[in-house]
2 protein chains.
Amino acid sequence: MTRAPQKRTMQTRAKLLDAAADLISVNGYTALRVEEVVLKAGVAKGTFFAHFADKDQLMNQLIGAEMDRILDHIVAGPVPKDADSIAEALLPLAEFMTCERYVLDIILRYSVVPEIEQIEPIARNFGRQIEILMNWCSTSDTSFRKDIDAGLLAEGVHAFLLQAMALKFCALHCELGLRERLRQYLRAWLAPVAA
Amino acid sequence: MTRAPQKRTMQTRAKLLDAAADLISVNGYTALRVEEVVLKAGVAKGTFFAHFADKDQLMNQLIGAEMDRILDHIVAGPVPKDADSIAEALLPLAEFMTCERYVLDIILRYSVVPEIEQIEPIARNFGRQIEILMNWCSTSDTSFRKDIDAGLLAEGVHAFLLQAMALKFCALHCELGLRERLRQYLRAWLAPVAA
DNA sequence: CATAATAAATGACCATGGTCAATTTAGTAG
DNA sequence: CTACTAAATTGACCATGGTCATTTATTATG
């Protein structure tokens with residue numbers, strides 16, 4: 001017979017998340033150590049792994065939550081009507097996702113869902129991103145290409161977003177900044193002049 | 001005064017690379033342990049790290065070398081003239097890069113060059129990929145769009161290649177296989193019907 | 001050839017993520 | 001209230017990547 005989870009569980013989990021968030025706000029994501037987290041939270045190491053499968057899952061929660069906050073802010077704003085506006089709207093999200101190389105690595109690793117059952121925060125956020133992009137791409141008063149459907153259009157925007165972010169860490173071809181590169185990509189993808 | 005490297009150096013390095021390649025051919029990349037490699041190569045653990053900054057650098061060498069072999073084979077073939085042919089030509093490379101989740105993670109992490117000085121194998125291979133794609137995109141007898149230059153066209157193909165590969169590990173939206181997805185992307189990118 | 005100088009190799013040791021049998025705590029039934 | 005059961009917690013221990021002072025091999029020089 002299974003029993004309902006105790007409220008102690010959520011408290012401990014919250015203590016761990018809070019401790020981790022505090023430490024990250026000081027030293028960043030890359031420098032976080034599980035040891036520090038449990039010390040600050042006042043629990044044993046084993047407890048950490050009773051709440052999170054591994055360190056990456058904690059990161060998944062924290063990074064995913066931050067991405068959700070940023071995305072909430074983005075959808076609260078006006079719907080962008082052209083390529084440059086979409087680039088501009090996505091910029092805060094892109095900036096966060098590339099705030100540390102380690103953060104982008106985690107995001108890339110957990111943006112896909114290996115198992116149908118449980119969708120983790122980052123993967124869920126990616127799903128939201130695609131949906132929002134689809135909405136933007138399918139509003140009628142845009143001048144976007146009509147030869148492909150909104151789903152494909154959205155996937156393309158996303159592919160270029162990732163490409164632009166990856167190149168932010170590249171010492172080669174770094175003449176362009178993230179914003180300008182993303183604009184260039186999205187113009188070419190969303191409103192081609194055609195052959 | 002600096003002295004020329006001894007030939008012993010290259011021998012030891014070769015022993016390590018051979019041992020690693022052997023082990024990988026049996027158990028795959030993910031399962032490789034540094035301990036196993038030095039045991040099989042008959043050297044001490046410290047020696048490994050005198051030759052490779054870390055385990056990832058060994059992977060960078062081995063995976064990069066394999067990618068180079070595949071790319072050599074691709075360029076030895078005929079130049080693809082349309083989107084579907086490009087997708088088809090890239091497929092062997094994409095298959096290898098996604099042979100294990102771990103392999104794709106390593107490739108994504110080391111495909112960008114953080115420091116100008118030393119370009120590692122995977123990053124160099126990515127550079128080659130872009131150049132080859134540029135050549136394909138700028139051959140005159142294709143029906144590709146002419147509104148953007150070959151460099152941007154190549155970067156886009158690459159962005160879509162990465163997107164298609166990432167989705168290979170995704171349990172969601174997995175109706176399409178890698179080949180079909182890549183075709184769809186490249187058709188839309190290289191030959192848009194325009195608004 | 002002897003000796004000094006530098007390169008290469010060694011392995012005990014460390015850092016950090018992760019495991020699990022044993023223990024404590026909270027909820028439940030009588 | 002007591003005994004019982006499942007959930008939650010603990011911390012010693014393990015796995016694996018990585019470090020570095022010390023030792024050994026190689027090469028240059030008088």
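Quick caveat: nothing in here was measured; it's all calculated off a predicted structure. Quick note on labels: first sequence line is chain A, next is B, and so on, each numbered from 1.
- The ring of A/Phe144 has its center no closer than 6.0 angstrom to the ring center of A/Trp189.
- As rounded to whole Å, 18 Å separates atom P of D/dA7 from atom CD of A/Gln11.
- Between B/Glu131 and B/Arg128, no side-chain nitrogen of the basic residue sits less than 4.0 Å from a carboxylate oxygen of the acidic one, so the salt-bridge criterion is not met.
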Pairs under 3.5 angstrom, nitrogen or oxygen only, protein versus nucleotides 11-15 of chain D, please.
from, atom 1, to, atom 2, distance (Å)
D/dG11, O6, A/Gly46, N, 3.4

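- Between atom CH2 of residue B/Trp136 and atom CG of residue B/Leu153 there is a gap of 13.0 Å, rounded to the nearest 0.5 Å.
- A salt bridge links A/Arg181 with B/Glu155; the closest basic N to acidic carboxylate O contact falls under 4.0 Å.
- The separation between A/Glu35 atom CD and C/dG18 atom P is 13 Å, rounded to whole Å.
- The side chain of B/Arg8 lies closest to C/dA9 when the candidates are C/dT19, C/dA9, D/dG18.
- A distance of 12.5 Å separates CG in A/Leu17 from NZ in A/Lys15, rounded to the nearest 0.5 Å.
- When the side chains of ILVMFWY residues are joined at heavy-atom separations under 4.5 Å, either directly or via intervening members, A/Leu167 and A/Leu176 end up in two distinct hydrophobic clusters.
- When rounded to the nearest whole Å, the span between CZ of B/Phe49 and C1' of D/dG18 equals 5 Å.
- When distances are taken from the side chain of B/Thr9 to each of D/dG18, C/dA8, C/dG17, the shortest belongs to C/dA8.
- We find that CZ of B/Phe48 is positioned 16 Å from C1' of C/dG11, with the value rounded to whole Å.
- In this view, A/Gln129 and A/Met67, A/Leu71, A/Leu93, A/Met97, A/Asn125, A/Phe126, A/His158, A/Leu161 satisfy the side chain to side chain contact (heavy atoms under 4.5 Å, CB included) rule, not counting sequence neighbours.
- Between the side chains of A/Ser85 and A/Asp82, at least one donor-acceptor pair of N or O atoms lies under 3.5 Å.
- The separation between A/His51 atom NE2 and D/dA8 atom P is 8 Å, rounded to whole Å.
- Listed by residue number, there are no residues of residues 53-63 of chain B with a heavy-atom contact under 4.0 Å to DNA chain C.
- In this entry the distance linking CG of A/Leu39 with C1' of D/dT10 reads 15 Å, nearest Å.
- A/Ile130 and A/Tyr110 are not part of a single hydrophobic cluster, where members link through side-chain heavy atoms under 4.5 Å apart.
- Residue A/Thr12 places at least one side-chain N or O closer than 4.0 Å to OP1 or OP2 of D/dT9.
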